[in-house]
Amino acid sequence: MTETSILQLEKVVKRYEKKVALDRVSFSMEKGSIFGLLGPNGAGKTTLIRIITTIIGADEGQIYIEGEPLNGEHPAYIGYMPEERGLYKKMKVGEHLMYLAQLKGMPKLEAKNALIKWFEKFEIQDWWHKRVEELSKGMQQKIQFIATVVHRPKLLILDEPFSGLDPINSNLIKSEIYQLHEQGTSIIFSTHRMEQVEAICEHFVLINQGKNILEGNVKTVKDSFKENIFEIVFEGVLPSAFLERINIIEQQATQIRLKLDNSNESNSMLRFLMDNSVKIVAFREILPTLNEIFIKQVNQSNE
Amino acid sequence: MNKLGLIIRREYLVRVRKLSFILTTLLTPLGIALFYGIIILMVLYQGDEVLKIAVVDDAGITDSLRTDSVGNIVFYTVNQDINDLKSGLKTSNYDAILTIPSISDPYVSNMAFDYFSEKTPSFDTQLIIEKWLENYVEAHKMQALGIEKNKLEALKTKLSIDPKPIDETSKDTASSISAQVGAGIASMMSIFLFFIITMYGSMVMRGVMEEKMSRIVEVMVSSVRPFELMLGKIIGIGLVGLTQIVIWVVLIGLITLITGIFFGVSMLEMNGGNSNLPNSAIGMANTADMETAQLVLTEIQRQKWGLIIPALILFFLGGYFMYASLFAAVASAVGDDLGESQSLTLPIMLPVILAFYLTIFIVVRSPNSTISVWASLFPLFSPIVMPARMAFNPPIWQVLLSLVLMIATTIFFVWLSGRIYRVGILLYGKKASFKEIWKWTFYRN
């Protein structure tokens with residue numbers, strides 16, 4: 001456990017009647033980072049989050065928040081937006097948020113001031129006295145987000161935050177996530193949608209069938225999974241000597257995707273093409289998407 | 001404010017502020033009062049038409065110098081020929097003609113009186129006329145037989161059985177009326193507790209289901225412990241119930257007071273109206289009623305309210321917490337379908353209903369029978385049965401034992417329900433079976 005980790009799990013185990021939901025899951029999350037919790041549906045993500053949020057207890061293993069073993073005080077520092085979202089329909093929006101903020105341990109006045117700021121920010125001041133049920137689904141999502149972050153949590157846990165959001169609200173929440181990140185909030189972002197993790201997260205852990213099968217920095221992992229695949233966009237005709245020698249993955253009129261044995265070959269290949277009067281328009285290395293890595297790893301671990 | 005306090009506050013306020021709550025709380029007593037008011041008015045209704053009856057008294061038993069009036073009926077003793085009266089009835093002031101044949105034999109036991117009118121007299125009118133006639137016939141017979149009124153009165157004896165304990169040291173003696181009053185109080189208390197447990201228990205159940213179905217519960221339990229949430233809900237709704245009961249008691253008290261004053265006056269007026277009848281039968285009935293009422297009142301006052309009320313409160317609290325927590329546990333195990341809850345609530349409702357019937361059919365009639373004693377000790381029944389038995393002075397050790405057993409069971413049930421609840425509320429989808437629910441209680445936290 002290091003000073004810089006906000007959350008650290010050591011061999012966390014959770015068993016249900018017959019199924020092992022979490023099997024010795026360990027990882028550590030750096031303070032201030034955006035951390036992706038990846039896994040297919042039913043991998044144990046929600047169980048893991050429920051353990052971190054103290055909703056349920058682990059059967060074995062240790063969990064540390066800023067180096068301290070997880071205890072009853074910690075939920076006040078955690079903001080959790082579950083995948084299954086909900087609010088008390090009959091309550092007025094303002095009262096509802098006050099209630100949730102106070103349950104997180106905020107004094108009344110402080111809660112009110114913080115909420116007023118959020119209402120101003122989202123320009124929804126006139127919602128305060130509205131009943132939750134009067135709001136549209138998208139509006140309720142905003143309220144839910146405010147409820148999650150109003151007590152300025154050190155650790156923010158978002159379970160599938162963009163599911164059911166329209167593109168406008170989705171972008172709004174995304175920009176709020178970045179702002180909180182800039183302010184130093186550590187964010188766990190749980191999803192099965194890899195492209196979102198790729199776009200947002202710095203680090204991630206991949207869970208399948210209760211086990212973590214991959215973890216690390218998004219860029220490093222992608223690098224380590226690269227297969228020396230390159231894409232060339234060109235004008236002219238590719239010399240047949242070239243086509244015979246290389247490993248073509250995909251070929252179109254002005255574009256070719258190929259696999260090299262060694263990444264160092266890229267320069268000599270380009271030089272060869274240029275010497276043979278092929279005009280190079282673009283050249284880039286194709287890194288595997290997390291999705292590809294994910295599917296590969298999941299298939300491997302399921303075998 | 002701590003979290004439990006916050007939860008209780010929300011659960012309380014959100015319900016008390018509801019329009020439906022305000023309406024039921026204020027309108028129920030008014031509705032009940034209105035209902036009884038209408039019934040009383042219907043009973044007292046005498047018709048607004050004055051019925052004038054010409055009495056042709058061949059027996060000479062009525063006083064021809066006076067006109068009697070009972071309610072809306074006025075009796076005029078006339079000295080006219082019956083046939084003249086009949087032919088001129090339409091144009092005369094009278095609505096009907098009543099004939100009294102001469103009474104030759106004072107020992108006659110059946111008499112028929114002719115009544116002529118356009119309309120058949122109503123049942124009430126017939127009763128009043130019969131009563132009116134009866135008084136005069138009785139007075140006539142007494143005279144003819146030479147019976148003095150006070151001698152006749154002397155024949156009537158009011159009897160009552162007055163049970164006395166064999167052991168003279170026992171302070172409390174019971175009378176026949178005390179048994180009836182006890183039964184009355186007992187039934188009322190068991191009805192009251194039955195009503196409380198089912199009504200507010202199901203309110204807890206609805207609350208839990210709503211929380212689970214709207215998915216707010218997962219946000220909630222990331223801030224508070226599930227047990228706190230459950231307890232807060234139960235206490236909050238319990239307070240809602242108390243608020244409602246207090247308002248009802250106050251309102252019903254006020255209404256009774258107001259109607260009491262109102263009807264008290266009208267009762268006096270009625271008696272005044274009848275006072276010119278000799279030997280007023282209605283007046284007599286009233287005095288008898290008054291005596292009984294007086295006895296009932298003293299009997300009610302004789303009850304050990306200093307003991308009954310605290311016991312009632314304790315049994316109310318115990319019963320409410322016991323059943324409300326079970327309702328909460330069941331609600332947590334129900335899936336998204338409201339209809340599914342029924343098969344799970346039935347096993348909870350069963351003991352409540354059973355206890356209620358036990359009280360009404362057995363405990364009230366034989367409060368110290370073996371069944372009554374055991375039922376009042378059995379914790380699932382005792383919150384309803386024991387308060388009912390309290391009206392019959394049960395041995396104090398039984399009350400205490402029943403309380404101890406109930407409190408222990410309540411604590412156990414609240415604990416057990418908490419364990420079911422914490423698992424149930426996080427499971428979405430299908431309804432759990434009892435077997436599964438039982439297993440949940442063994443889950444580690």
Side-chain angles (χ1 to χ4, degrees), chain A residues 13-18 46-47 49-60 72 74-92 95-108 111 131-133 140 143-145 147-148 150-151 153 155 157 159, chain B residues 1-21 206-229 232-233 236 336 419 421-429 432 435-440 442-445:
Chain A
V13 176
K14 180 75 187 175
R15 284 182 210 95
Y16 290 123
E17 241 173 275
K18 277 165 195 156
T46 302
T47 304
I49 292 171
R50 282 178 177 171
I51 287 172
I52 298 167
T53 49
T54 72
I55 292 173
I56 53 176
D59 294 337
E60 285 168 35
H74 285 129
Y77 304 111
I78 299 175
Y80 170 38
M81 184 158 82
E83 182 181 5
E84 299 274 15
R85 270 156 251 170
L87 297 163
Y88 290 111
K89 303 257 178 297
K90 302 274 176 206
M91 272 183 109
K92 293 207 170 119
E95 255 175 39
H96 198 317
L97 288 170
M98 283 294 290
Y99 177 54
L100 291 176
Q102 281 176 284
L103 284 181
K104 282 291 186 188
M106 278 184 110
K108 206 172 173 180
R131 278 163 184 266
V132 170
E133 60 189 351
Q140 288 186 24
I143 303 301
Q144 193 101 42
F145 183 76
T148 313
V150 65
H151 59 292
L155 178 60
I157 303 175
D159 198 355
Chain B
M1 205 187 282
N2 67 11
K3 288 176 184 179
L4 186 63
L6 281 166
I7 297 166
I8 294 170
R9 185 171 163 270
R10 190 203 86 88
E11 298 292 339
Y12 179 78
L13 286 179
V14 97
R15 284 178 177 80
V16 166
R17 281 194 206 139
K18 261 192 202 162
L19 189 66
S20 60
F21 173 84
R206 276 200 306 277
V208 171
M209 285 173 78
E210 184 203 330
E211 228 160 40
K212 190 181 172 185
M213 263 182 278
S214 73
R215 304 288 193 254
I216 176 69
V217 72
E218 189 146 359
V219 176
M220 291 300 296
V221 293
S222 71
S223 302
V224 300
R225 280 161 49 225
F227 187 70
E228 282 177 305
L229 186 58
K233 188 173 283 292
D336 282 355
R419 292 192 68 84
Y421 178 85
R422 95 210 131 109
V423 180
I425 47 168
L426 292 173
L427 292 181
Y428 304 125
K435 200 177 148 198
E436 284 172 282
I437 293 173
W438 178 244
K439 277 180 184 160
W440 293 351
F442 298 107
Y443 276 12
R444 273 191 58 195
N445 226 351

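Atom set for the values below is all heavy atoms of this structure, side chains included, hydrogens, waters and symmetry mates excluded. Just so we're on the same page: letters track the sequence lines, and every chain starts at 1.
Remark: Tyr77(A) OH is loosely packed, at most 12 non-hydrogen atoms of other residues, nucleotides or ligands lying under 6.0 Å away.
In this structure, Lys89(A) has no salt bridge (Lys or Arg N to Asp or Glu O under 4.0 Å) partners at least two apart in sequence or on a different chain. Arg15(B) pairs by the side-chain contact (heavy atoms from CB on, under 4.5 Å) definition with Glu11(B), Met203(B), Lys233(B), Ile237(B), Val240(B), not counting sequence neighbours.
Neither the backbone nor the side chain of Arg15(A) comes within less than 4.5 Å of any heavy atom of chain B. With a 4.5 angstrom heavy-atom cutoff, Arg225(B) does not touch chain A via any of its atoms. Residue contact with chain A, scored on non-hydrogen atoms closer than 4.5 Å, involves the backbone and the side chain of Ile7(B) alike. Contact annotation for Val219(B): both backbone and side-chain heavy atoms come within less than 4.5 Å of a heavy atom of chain A. Within the 4.5 angstrom heavy-atom criterion, only side-chain atoms of His96(A), from C-beta onward, approach chain B. Heavy atoms closer than 4.5 Å to chain A are found in the side chain of Val14(B), but not in its backbone. Heavy-atom distances place the side chain of Thr46(A), and not its backbone, under 4.5 Å from chain B.
Atoms CD and CZ, from Glu95(A) and Arg17(B) in turn, are 4.5 Å apart once rounded to the nearest 0.5 Å. Annotation: the span from Leu103(A) atom CG to Leu229(B) atom CG amounts to 9.0 Å, rounded to 0.5 Å. The CZ atom of Arg10(B) sits 5.0 Å away from the CE atom of Met91(A) when rounded to the nearest 0.5 Å. Note: Gln140(A) CD to Ser214(B) OG = 9.5 Å, rounded to the nearest 0.5 Å. Taking CG of Leu6(B) as the reference point, atom NZ of Lys104(A) lies at 13.5 Å (rounded to 0.5 Å). Taken from CD1 in Ile55(A) to CZ in Arg422(B), the straight-line distance is 13.5 Å, to the nearest 0.5 Å.
Here the closest non-hydrogen pair linking Pro75(A) and Ser222(B) is CB-O, 3.4 Å.
Side chains of Glu218(B) and Tyr80(A) form a contact here, defined as non-hydrogen atoms less than 4.5 Å apart.
Heavy-atom pairs under 4.5 Å with chain B peak, among Thr53(A), Leu87(A), Ile157(A), at Leu87(A).
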